[in-house]
Peer 1: 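Below are the structure tokens for one structure; questions will follow.
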Amino acid sequence: FKAEVETHAQALDEGLVEMEARPSDPRAIMALMRAAHSIKGAARIVGIEPIVELAHAMEDCFVAVTAGHRPLDAGQIDVLLEASDQFKQIAALSADDAPRYFQERSDEIHRLAERVREPRSTESEAAAPVTPQPRVAPKAAGSGTDVRVRATLLSRLLAHAGEGVV
């Protein structure tokens with residue numbers, strides 16, 4: 001299971017980065033769909049339902065993109081890369097750590113699957129005025145100021161900065 005997930009998570013990472021450059025390449029989308037499907041099957045065989053759910057959500061996302069029902073933009077790619085990171089974390093777990101990990105993170109994985117399922121579009125967000133609302137992380141004693149910004153907001157900011165330079 002671990003080797004299968006590691007291999008397909010790597011394929012997802014590479015394919016998603018490629019999709020940022022060429023978002024309408026049907027062969028790349030099909031490769032992503034096959035990788036998600038393989039992870040789903042491997043997780044189902046070993047009975048890891050949260051991963052079955054997450055991989056199934058990814059597979060459904062790629063099917064919707066292929067059918068033209070939803071875009072695969074930078075914001076959605078960020079969410080899909082988070083899912084791939086989750087697969088890599090799971091592949092790195094020892095057999096002893098896995099039950100506790102899933103007990104503690106099952107809800108988090110479910111929420112990530114929901115985010116993968118929800119259609120996103122940076123094009124419609126770009127039409128709205130840019131008013132980022134960063135969440136400030138709590139300060140630890142003696143630390144500097146930490147600011148957390150959602151990846152979609154950072155992507156939009158960088159896109160606008162790039163347009164301003166041109």
Side-chain angles (χ1 to χ4, degrees), residues 4-6 8-25 28-44 47-93 98 100-138 146-160:
E4 182 93 3
V5 172
E6 286 172 353
H8 293 295
Q10 181 65 33
L12 284 169
D13 281 350
E14 291 169 4
L16 288 166
V17 169
E18 182 180 321
M19 290 302 298
E20 286 182 312
R22 295 180 303 165
S24 59
D25 183 356
I29 295 171
M30 292 303 289
L32 292 169
M33 195 172 359
R34 282 191 302 275
H37 181 78
S38 295
I39 291 172
K40 179 180 77 173
R44 183 165 282 141
I48 304 175
E49 278 307 309
I51 300 310
V52 171
E53 178 188 11
L54 182 57
H56 187 74
M58 288 183 85
E59 190 178 14
D60 287 348
C61 173
F62 297 133
V63 168
V65 169
T66 302
H69 296 191
R70 71 187 287 182
L72 190 57
D73 58 26
Q76 188 64 39
I77 289 173
D78 286 347
V79 173
L80 292 166
L81 284 168
E82 281 183 56
S84 182
D85 288 345
Q86 185 65 243
F87 296 144
K88 288 184 283 186
Q89 286 177 9
I90 289 155
L93 291 174
R100 188 182 76 233
Y101 181 89
F102 289 112
Q103 183 179 8
E104 293 172 357
R105 300 237 170 91
S106 183
D107 290 339
E108 177 184 329
I109 295 169
H110 174 74
R111 286 190 302 275
L112 180 56
E114 289 298 317
R115 289 177 46 220
V116 168
R117 281 187 192 98
E118 75 183 36
R120 302 174 60 96
S121 174
T122 56
E123 290 177 17
S124 63
E125 290 175 359
V130 178
T131 54
Q133 299 174 358
R135 286 182 262 155
V136 178
D146 295 328
V147 177
R148 292 183 183 212
V149 180
R150 289 183 295 158
T152 55
L153 292 176
L154 184 59
S155 293
R156 286 176 38 206
L157 178 64
L158 291 173
H160 289 292

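In this chain, numbering begins with 1 at the start of the sequence shown. This is a predicted model, so every value here is computed, not measured.
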Peer 1: Mind checking salt bridge (charged side-chain N to carboxylate O under 4.0 Å, His left out) for D60 and listing every partner two or more places apart, or none if nothing turns up?
Peer 2: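 Salt bridge (charged side-chain N to carboxylate O under 4.0 Å, His left out) check on D60 returns nothing, list empty.
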Peer 1: Taking the side chain from Q76 and the backbone from V116, do they hold a donor-acceptor pair closer than 3.5 Å?
Peer 2: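 Checked: pair present.
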Peer 1: Strictly distance-based, threshold 3.5 Å: is any side-chain N or O of R44 a donor or acceptor partner for the main-chain N or O of I51?
Peer 2: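 Answer holds: no.
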Peer 1: With salt bridge (charged side-chain N to carboxylate O under 4.0 Å, His left out) as the rule and sequence neighbours excluded, what pairs involving residues 28-42 come up?
Peer 2: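 Residue pairs with at least one partner in residues 28-42: K40-E59.
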Peer 1: Please identify each residue that fulfils side chain to side chain donor-acceptor pair (under 3.5 Å) with E49, with sequence neighbours left out.
Peer 2: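 By the side chain to side chain donor-acceptor pair (under 3.5 Å) rule, E49 matches no residue at all.
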Peer 1: Does a side chain donor of either R105 or Q86 reach within less than 3.5 Å of an acceptor in the other side chain?
Peer 2: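 Note: R105 and Q86 side chains miss the donor-acceptor criterion.
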Peer 1: Holding to side-chain contact (heavy atoms from CB on, under 4.5 Å), I want the full list of residues that pass it with A113, two or more places apart in sequence or in another chain.
Peer 2: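 A113 satisfies side-chain contact (heavy atoms from CB on, under 4.5 Å) with E53, L54, A57, R117 only.
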Peer 1: Test of understanding: with side-chain contact (heavy atoms from CB on, under 4.5 Å), list the residues that count as partners of E6, not counting sequence neighbours.
Peer 2: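 Expected list: A91.
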Peer 1: Donor-acceptor check, side chain of S84 to backbone of L12, threshold 3.5 angstrom: yes or no?
Peer 2: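 Side chain of S84 to backbone of L12, a donor-acceptor pair under 3.5 Å: no, none is there.
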Peer 1: Measure across A55 and I39 and return the closest heavy-atom pair with its distance rounded to 0.1 Å.
Peer 2: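 Minimum heavy-atom separation between A55 and I39: CB-CG2, 4.0 Å.
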Peer 1: Restricting to side chain to side chain donor-acceptor pair (under 3.5 Å), what partner residues turn up for Q10, sequence neighbours left out?
Peer 2: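 Once residues adjacent in sequence are excluded, the partners of Q10 under the side chain to side chain donor-acceptor pair (under 3.5 Å) criterion are E14.
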Peer 1: Looking only at heavy atoms, which two atoms of C61 and L80 are closest? And how far apart?
Peer 2: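 C61 and L80 have their closest heavy atoms at SG-CD1, 4.1 Å.
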Peer 1: Could you tell me if the side chain of R70 sits less than 4.5 Å from the side chain of F62, heavy atoms only?
Peer 2: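 The answer is no, as the side chains (C-beta and beyond) never meet within the 4.5 Å cut-off.
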Peer 1: As an exercise, state the distance from CE of M19 to CG of L32, rounded to the nearest 0.5 Å.
Peer 2: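 These two atoms lie 6.5 Å from each other.
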